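All figures in this text were calculated on a predicted structure; none of them were measured in a lab. Note on naming: letters A, B, ... go to the chains in the order of the sequence lines (proteins, then strands), and numbering restarts at 1 for each one.
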Amino acid sequence: MPRIQDIGAFSAVRESGLAKLMPAIPRLTVGMGTCGRGNGAEEVYHALNEAVQRSGLDVLLAGVGCFGSCFQEPLVSVRLPGCPLVVLHRVQANDAGRILEAISTGAMPPDLIYCKIEEWDHITGFVKYGQGYPEIAPWNQIPFFKGQKKIVLRNCGLINPSDIEEYIAVGGYQALYKVLIDGRTDSVIEQIKASRLRGRGGAGFLTGNKWDFMAKAKSDAKYIICNADEGDPGAYMNRNEIEGDPHSLLEGMIIGGYVMGATEGIVYVRAEYPLAVRRLNRAIEQAREYGLLGTNILDRGFNFNIELVQGAGAFVCGEETALIASLEGFAGRPHPRPPFPAQKGLWGKPTNINNVETWCNIAPIITRGPAWFAETGSVKSPGTKVFSLVGKIQNTGLVEMPLGTPLKSFIYDIGEGAVAGRRVKAVQTGGPSGGCIPVEMLDTPVDYESLAQLGSIMGSGGMVVLDEDNCMVDVARYFVEFTHSESCGKCVPCRVGLNKALSILNSITKGNGSSEHLVLLDELGRMVRECSLCGLGQSAPNPVLTTIRHFREEYEDHIVAHRCRAGVCQELALSPCENSCPLRMNIPRFLELYQEGRLEDAFESVILDNPLPASTGRVCQHPCDNRCRRQSFDEVVNMREVHRFLADSIYQSDLFEPMLERIKARKLAPTGRKVAVAGSGPTGLTAAFYLAMLGHDVTIFEERSEAGGMLRFAIPEYRLPKSVLRRELDLIEGVGVKMVFNTRVGFDLPLNELASAFDAVFLSIGTWKESWLYLPGTELKNVHPALPFLESVARHDQVSMGARVAVIGGGNAAIDSARTVLRMGAEATILYRRERKDMPAIDEEIQAAEEEGVRFVFLAAPHRILGDADGNVKAIEIVKTRLGEYDKSGRRRPIPTDEVQRYECDSVILAVGETFDVDFCRASGLALKEEGTIVVDRFTLETSRPGFYAGGDVITGASNMSNAMSGGKQAARKMDERLMGDSLSGEQRWESLFPDFEYSRQAPGEPSLSRRHTAHSLPAQARAHSQDEVVDGLSSQEALEECRRCLRCDLRATASTH
Amino acid sequence: MSNPLPNKTISVRIDGELVTAHEGQTILEAARANGKQIPTLCYLKGLSAVGACRVCVVELAGTDRLLPACTTPIQDGMSIKTTSAKLTLYRRMAVELLLVERNHICSSCVSNSHCELQSMAQSLGITHVRYSYNNPRLQVDMSHPRFVLDHNRCILCTRCVRVCAEVEGANVWEVASRGIYSRIVSDLKDDWGHAHNCTGCGKCVQACPTGALAEKGQSVHEMVKQGDAVTRLATQRAGQASGAH
Ligand code: SF4
Ligand code: SF4
Ligand code: FES
């Protein structure tokens, strides 16, 4: 090919490129970036190639770079002459035949269709592929691309990066041509300045100013460098930019070289990027051939060369002074600045360093002008930035977004939210030395200043989404481990400071942390940040400082309670299930004991961990399932049903009495201390059980005439038969808990009186007061709050409700009410303002309600209740909602629309949440939180009044059974420590409650291959009108099989210590 | 690096006091020329400054930025604070970190009571350290006929590296590895006794602030270093060299 020397030659090349980009024959392209190859793009390419050969069709097949949506790789684009470009996703080699067929028929394989592109703005040029395929969504309607603006990635995934002619076809090298023809270097610098482009390597200096500085420096030699030493784990934008569009980088550099008067350009790229290196080398070669690089560029007498240098992959070489040291052949260690590289850089000569992305922005700014550039992004940070969006999110890949876009658009719009069943907790931006931004702050616009304000950085654009399965202490530890191992070692703060920070973080994650550690860590972080020599040390503490700032509670959990809620810190958990169970039941132990045929031992293990095993076995939300390892194999182990089975087996047999004796025998000697427990719900019963086991004299005061609280009065008979509850109460009373009924603490029995008669008091009165919804019509007859309604039914009181009942709400109380209504022979309709997947109720229960015939109306917010002349309910009006932005809970906020619907009904049940009567607490000097819950110490559960403890719903707000019980368990332990003196002996006293079972510590050679066993529901028809228990437990054979499915994750720790 | 012929005079404030300095001077040089003390460890007058130990940090008044005094050029109108609670804390932390990094057991050290690290710790009032000791297992290189290199006592200030390269011109020393594993090495990581270009001049021993480099045959607290002799030599050389240019 002749060197391009005039506009005529330029146009000829352009024509020839366009003929390849939009040929008169079908064109097939495969995304062949490193990400595509990792997903099998090469196989796809070969298969297509073969299929083309075989078919004898005239097809142009080419490889292109990454289009950004890495989670959809391998991508194949098909373009038939005159038609839009159709992008196919997740293509496999064996799809080749079908694709070839599609080429001849024009009908695309429906399962492979991703989107279409009818026209494309290459910024430096515009391509119209053609119209058609109305049934295929245009690319910018796909959530992942909506809102993206491709300036840097303008050509990626569309042109063949190995063919300079395709780059020229979309307007490439026109900007260079223009600059060289005009020959006015200062006006180019003015343009860059006017665009206010900021360095995309992280620090965000104004590129124009940097260029100006360099242009003015006088020297016989000057260098410009492209920093492509991308070393952040999880970040790969520079790699893909080079792989997908190397000429865009070269063009930027040649322009820069010309206007800054540089004699040579160097691209410093990681040796770990072989494909990028190859493509770039080829691009340099081609640019030389075409007269765009080397001597006498475009015949304008400008000489400039670009050399590629491969770095050995030291993270610190991203620091410009270290990069220069490395280029000079020294170890990559930074130098103090000043002198700045623009004064004294490579070989002591003025040097300008810019990041890949900065260079890639140059040609667009020249072509379209600074005003166009500044239209995008925010005032202080114009333009776009490429981010690599990875982590716990649906859609991952490279996204190019206008700067200033709120963080939540990345997470919820582009990324489409958390992975199923989880919640996003934080986003870590800026690579290993960035900070963690909590989900509460996702409104933050992503620009240099806003991120810095939160203690994070833009960095090179890494964005890692973290959810509740990520431990923030471990996240900090992980990143410090990385930066610490990448520290060059020159300055003390970074070399030793990070080393000590790491060892402190290691201790905390192993459960050996102290509160002093937290102070030291914070102080170390600040010192390293402020005193280190270079950017690595100055930013490395960010993950630590931001997690301490925004997630202090997680640190405290690790230090004080040796608890890692995320279940990541292995030393702090026995197994994933144990860690997820609010009561921390030793699940693998009871599974193993039963499997060994030891029913009594298994039950003893269960009851000492969880004093209400039959009730929880029926109504617990079973969070233990969430992280069970068996799910990676088939389905989670049904632990809840096994302990239900164990409890039922004992309760319904003559083993009950001997078992009770056995448990009583474990009681510690009487202490002579008296403890009062207010409320006999699950929390109070749990606390009372443990306090009695610890040898204290325990009395429960209950407002009603029977024990059980919500278990008795709010959970319907068909879910938890009263006979089952009776057995559990027998056991708790059996170990010595006394009960006084019809006594309401705070009213019949003032707190001061309790204080004088008892050594400690535990408040667990539950949340019985229905929060009242402000709604016109609630004063009508037959409008019932859910809990009193359920309670009246449980008491067999007369409740008038008519034939059609509307239930408002989405929690367990709503479902329980609706199912109860059915059982009373009426129709039930649940009105809920969000969607089904957002309902807080247990999924199985929602499903059961559906099967039994409860009607659901979603996206319906109550508007008003209409009554007749007699004051009876006759209908309810609802406003349809649509889902708007995501709120703090990670769910979309319902927004009312104009549409009002009317449902005829005879009564309304409000199940919109519960509170409790707080007045007496206030009167007795207990501090309350704004939302009306009692203030307690997070770890001891002691209230503001010494000797008074509280747990369950009164401190957390309405929650669920096992969470509530865990408060009772925790409080009992802490009260005992307080009552019996120093905490060391308290620890021993507590531990001594639990027997040391001998059981197999061998990993199961072959865990059972059977699938999960679930409890058996009666057929929906039969159960919908019956008050009898509707779900039968497992049979003994099924329970045994279920135990055998456990993978014994608890053995890991023991195994690894040897 | 210091400039032998003072340039233009400028006025700056150090701890509130208005003083004159010369363009091209570092903050440290200007401060010392005006009788202000700023602690230093890796700095040795006459050698190039590297900014490694960070005990010389000072505050740029009116901002919360800290600057290393030994490498930062002073500029007209600058106002510098050399002491503050924060500076004392950070300097102390830097020294504490050095004390836990390796095995500094003064009672058995040749340089006991003549050690810059030790006296720095004393002057900063360090009575104990708050971080756990690393207790690394490190080697002692006894292969040189006259000198010893004890890695246990090295603080990686690189004064030896610089004096050997900049004054003696022998380039025996370098730093190998990175991060916490950084080590002073002679030649291409060979034993010091086998280092071909070592002239045996002993300048590194004199420049070393601790007992890491010492003469053989010295026992506990006998090793007294002559850092100022190195400075004298270096400044003379620099004078000659700049004359020659
Ligand atoms: S496999 Fe067993 S030990 Fe592991 S999480 Fe599941 S139930 Fe627990
Ligand atoms: S041997 Fe001495 S002079 Fe050399 S780096 Fe270590 S402490 Fe500094
Ligand atoms: S004396 Fe300035 S950093 Fe060491």
Legend entry - CD/B:Q139: more than 12 non-hydrogen atoms of other groups inside 6.0 Å: no
Legend entry - Region of B:E96 that comes under 4.5 Å of a non-hydrogen atom in chain A: neither
Inset, instruction - Could you list all the side-chain hydrogen bond (donor to acceptor under 3.5 Å, both in side chains) pairs where at least one residue sits in residues 521-531 of chain A, not counting sequence neighbours? - result: A:D522-A:R526, A:E523-B:R130, A:E530-B:K86, A:E530-B:Y90
Legend entry - B:I180 to A:V496 - nearest heavy-atom pair and separation: CD1-CA, 4.2 Å
Side-chain donor-acceptor pairs under 3.5 Å in residues 40-47 of chain B, sequence neighbours left out?
| unit_1 | atom_1 | unit_2 | atom_2 | d |
| --- | --- | --- | --- | --- |
| B:T40 | OG1 | B:R32 | NH2 | 3.1 |

Inset, instruction - Please list, in residue-number order, every residue in residues 331-353 of chain A that has a heavy atom less than 4.5 Å from any heavy atom of chain B; write 'none' if there are none. - result: A:R333, A:P336, A:P338
Inset, instruction - Against chain A, label B:V55 side chain, backbone, both or neither, depending on which of its atoms sit under 4.5 Å from a heavy atom there. - result: neither
Inset, instruction - Could you tell me which non-hydrogen atom of A:C531 sits nearest to which non-hydrogen atom of B:L66, and how far apart they are? - result: SG-CD1, 3.9 Å
Legend entry - Any pair counted as side-chain hydrogen bond (donor to acceptor under 3.5 Å, both in side chains), so long as it reaches residues 495-511 of chain A, sequence neighbours left out: A:H484-A:N499, A:R495-B:E101, A:N499-B:N134, A:K500-B:S132, A:K500-B:N134
Legend entry - Under 3.5 Å: donor-acceptor pair, side chain of B:R54, backbone of A:P493: no
Legend entry - Positive for side chain to side chain contact (heavy atoms under 4.5 Å, CB included) with B:M93, one of A:L524, A:V528, A:L520, A:V492: A:L524
Inset, instruction - Against chain B, label A:L498 side chain, backbone, both or neither, depending on which of its atoms sit under 4.5 Å from a heavy atom there. - result: neither
